[in-house]
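Let me begin by presenting the structure, written as structure tokens, before commenting on it.
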2 protein chains.
Amino acid sequence: MPAYGRSAEGSGGVRMRDVAERAGVSRMTVSRALNEPDKVKPKLRRQVLEAVESLGYVHNHLARSLSSKRSNVIGLVLPSLENSIFALTVKGISDVLRPAGYQLMLTESADDPEDEERVISSFLAQRVGGLILHATTHSPTALRMLRASGTPVVENGDLPEEPVDMVVSYSNRGAAKAMTMHLARLGYRKIAFAGLARNPRANERQRGYLEALVELGHGDEPKRLIDVSRGFGGGAEAVAYIAANLPDTDALFCAGDVLAVGALFECKRRDWDVPGRLAIASFDDLDLMRHVIPAITSLRLERYEIGRRSAEMLLAQINNGDVPIRTIDLGYEIVQRASA
Amino acid sequence: MPAYGRSAEGSGGVRMRDVAERAGVSRMTVSRALNEPDKVKPKLRRQVLEAVESLGYVHNHLARSLSSKRSNVIGLVLPSLENSIFALTVKGISDVLRPAGYQLMLTESADDPEDEERVISSFLAQRVGGLILHATTHSPTALRMLRASGTPVVENGDLPEEPVDMVVSYSNRGAAKAMTMHLARLGYRKIAFAGLARNPRANERQRGYLEALVELGHGDEPKRLIDVSRGFGGGAEAVAYIAANLPDTDALFCAGDVLAVGALFECKRRDWDVPGRLAIASFDDLDLMRHVIPAITSLRLERYEIGRRSAEMLLAQINNGDVPIRTIDLGYEIVQRASA
DNA sequence: TTGTAAGCGTTATCAG
DNA sequence: CTGATAACGCTTACAA
């Protein structure tokens with residue numbers, strides 16, 4: 001037996017030919033009535049639709065895609081579902097895809113190259129019509145597979161130097177640099193940075209932070225880089241580390257919102273005034289940021305637009321095959337709040 | 001042209017027959033080497049795998065599923081991706097599915113029957129091998145489609161009276177009732193309930209809350225039901241409503257964690273002591289609950305287990321077709337913290 | 001506008 | 001253990 005198991009014999013086993021018989025037309029007329037209704041006379045169309053209804057026929061997309069070499073499925077690879085920041089991007093994608101008759105297939109793949117490879121390979125085996133990847137670092141094998149497949153791809157998580165195909169994103173490096181400069185402008189002088197070591201996007205953010213320090217003339221001062229674990233606990237770790245090892249730090253820039261909130265709570269526990277004792281700034285702009293007390297200064301990214309534009313580009317590529325502008329930088333915005 | 005557009009011609013256009021030629025075997029041997037390696041002599045198997053590798057062949061699951069009437073894709077319908085509570089369930093599902101060679105297709109469908117119908121129909125058209133639905137209320141059409149398809153289904157969001165097929169869940173009603181009784185046991189007498197009006201699961205929670213009040217002998221007192229909007233803002237609305245209309249309320253039970261946190265923040269803004277002025281309890285147990293100050297008393301559900309067991313049941317049904325116990329109640333646990 | 005015939009790329013089946 | 005052949009259910013291409 002194969003690795004995969006038995007499944008339904010397809011909805012009730014009603015095929016297009018059954019519908020055709022019932023409606024008194026040929027299979028092709030049924031096919032047309034379903035896919036290109038305009039090409040079938042209203043009367044026959046009605047007959048077909050009635051037959052479909054009464055037989056409970058469900059169009060077989062497997063057969064359709066195999067035969068037509070087209071697919072109405074778009075694959076999306078997200079780094080994680082735990083982080084609700086992606087929800088907006090998914091919504092942006094869906095809002096474009098759905099009216100166009102496409103369906104979104106979503107998979108998560110921790111920022112692990114092997115995992116991504118497996119997921120991409122699976123999507124390609126499924127012959128998806130296009131792929132949206134919320135990641136810009138891929139294994140050589142993954143790259144080879146993607147290129148060989150000829151499948152349209154949009155990358156999302158960052159602005160890569162060598163895109164696979166199309167890109168809709170913002171610059172993690174640029175955004176982090178801007179926020180660091182912003183903190184400096186607010187008067188903070190000893191700015192620390194906390195992030196997850198294993199995340200490529202967090203790494204880029206760290207680079208941006210370091211670039212800003214150099215530009216500010218703090219390049220020679222001892223580094224204030226803090227590697228933390230994920231979740232709220234990571235933010236607490238950062239504050240604890242500052243208390244123990246970098247007590248003169250006056251601002252903490254967190255590579256993610258959850259870290260920032262964790263840091264804020266830890267400050268409260270230690271009775272540290274925010275931003276008096278320690279200012280806090282973060283990346284992304286979860287709804288939570290403006291509700292905590294004090295509200296946290298953060299970087300807002302166009303999460304919804306990223307999704308919408310990605311889907312639009314993908315469809316344009318699939319349908320016209322001609323997308324002149326293949327990289328879109330949607331930028332970022334600093335949202336100034338009470339925490340810094 | 002069809003509603004859906006052009007797509008890749010399938011990875012490089014390399015077919016199984018090309019692999020077969022290259023390896024000097026028949027297509028069937030290639031098929032076996034890929035699906036049931038044990039049934040092919042090591043030597044031929046190696047030849048095939050080498051040919052696959054050198055040609056960059058990607059197995060066409062469309063054709064495989066069409067021909068075999070099996071599918072290695074499982075569809076999952078979640079109410080929303082904004083709520084990270086589902087991340088754990090997804091992980092539980094993936095952990096079972098992946099090693100079994102299955103792939104998860106995820107879609108979101110707000111608790112809107114029409115939307116769910118469209119999504120289910122799409123999955124059935126895709127001829128998925130099984131379906132996991134995080135919802136227990138379905139439109140008649142959806143039910144008919146599901147039943148007619150014969151596709152194995154697991155429902156997750158609640159314990160329905162008339163399951164479609166299999167169920168792995170907890171009782172929203174039971175859990176809410178238990179929490180309300182718990183609050184009463186802690187000495188609270190004027191317990192309010194806040195939830196989203198349009199959510200079937202929140203409705204069941206409300207029922208449980210009301211049942212508890214009756215059992216406590218508070219059935220005749222004026223109701224303290226508060227309909228709020230979603231997000232942190234909803235929690236704030238609840239507190240504002242209490243301040244304006246139900247000032248003697250001593251405890252607030254929120255149908256969701258985000259509401260509870262929003263309520264907590266609003267209390268702080270109003271300088272209300274929690275739990276002194278108002279106790280707060282919530283449903284689900286997001287990580288955030290134990291990090292806010294004060295930490296919030298909540299109901300913990302086996303989110304990971306729900307996913308794991310659902311996937312296991314589904315696979316058992318697909319492979320053996322014999323799953324004696326078709327409904328699993330995983331219960332809930334009250335996590336007592338400082339907020340109540 | 002509708003129909004006919006020949007695939008799409010794989011696997012089930014049965015023979016060797 | 002391996003191979004030949006006929007599906008799987010649909011659409012393309014062409015003919016009427």
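Just so you know, these numbers come straight off a predicted model, no measurement behind them. Both backbone and side-chain heavy atoms feed into the values below; hydrogens, waters and symmetry mates do not. Naming: A, B, ... by sequence-line order, numbering from 1 per chain.
Remark: A:R22 pairs with no residue by the salt bridge (charged side-chain N to carboxylate O under 4.0 Å, His left out) rule, at least two apart or across chains. B:R98 is linked by a side chain to side chain contact (heavy atoms under 4.5 Å, CB included) to A:D115, A:R118, A:V119, counting only residues two or more places apart in sequence or in another chain.
Between the base of D:dT11 and the side chain of A:S68 there is no donor-acceptor pair shorter than 3.5 Å.
When the side-chain nitrogen and oxygen atoms of A:H59 are compared with OP1 and OP2 of D:dT11, one or more of them lie within a distance under 4.0 Å. In terms of phosphate contacts, B:R70 brings no side-chain nitrogen or oxygen within less than 4.0 Å of OP1 or OP2 of D:dC8. Between B:K69 and C:dT10 there is no side-chain polar atom (N or O) within less than 4.0 angstrom of OP1 or OP2. Within the 4.0 Å cut-off from OP1 or OP2 of C:dT11, at least one side-chain nitrogen or oxygen of B:S31 is found.
Atom P of nucleotide D:dA7 and atom CE of A:M16 are separated by 20 Å, given to the nearest angstrom. One interatomic measurement links the two molecules: CZ of B:R64 to C1' of C:dC8, which rounds to 17 Å at whole-angstrom precision. For B:L62 and D:dA7, the CG to C1' distance is 17 Å, given to the nearest whole Å. Atom CG in A:N35 sits roughly 17 Å away from atom P in D:dG9 (whole-Å rounding). Per the geometry, CZ belonging to B:R15 stands 7 Å off P belonging to C:dC8, to the nearest Å. Between A:R127 atom CZ and D:dC10 atom C1' the separation is 17 Å, expressed in whole Å. C:dT10 atom C1' lies 7 Å from atom CG of B:N60, rounded to whole Å. Note: CG (A:L66) to P (C:dT10) measures 9 Å, nearest angstrom.
With a 4.5 Å cut-off on side-chain heavy atoms, A:V25 and A:V19 do not count as touching. In this structure, A:Q126 and A:V73 have side chains that are not in contact, with every pair of non-hydrogen atoms separated by 4.5 Å or more.
Here the OG-CZ distance, from B:S84 to B:R303, works out to 10.5 Å after rounding to the nearest 0.5 Å.
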Could I get a table of every N or O pair under 3.5 Å where one atom is in the protein and the other is in nucleotides 2-4 of chain C?
unit_1	atom_1	unit_2	atom_2	d
C:dT2	OP2	A:K41	N	2.9
C:dG3	OP2	A:S26	N	3.1
C:dG3	OP2	A:S26	OG	3.0
C:dG3	OP2	A:T29	OG1	2.4
C:dG3	N7	A:R32	NH1	3.3
C:dG3	O6	A:R32	NH2	2.6

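Under 4.0 Å is where a charged nitrogen must lie from a carboxylate oxygen, and between B:R326 and B:D165 at least one such pair does. A salt bridge is defined here as a Lys NZ or Arg NE, NH1 or NH2 lying under 4.0 Å from an Asp or Glu carboxylate O, and B:E50 with B:R46 fails to meet this definition.
Nucleic acid contact for B:D38: sugar-phosphate only, since backbone atoms but no base atoms lie under 4.0 Å from a heavy atom of the residue.
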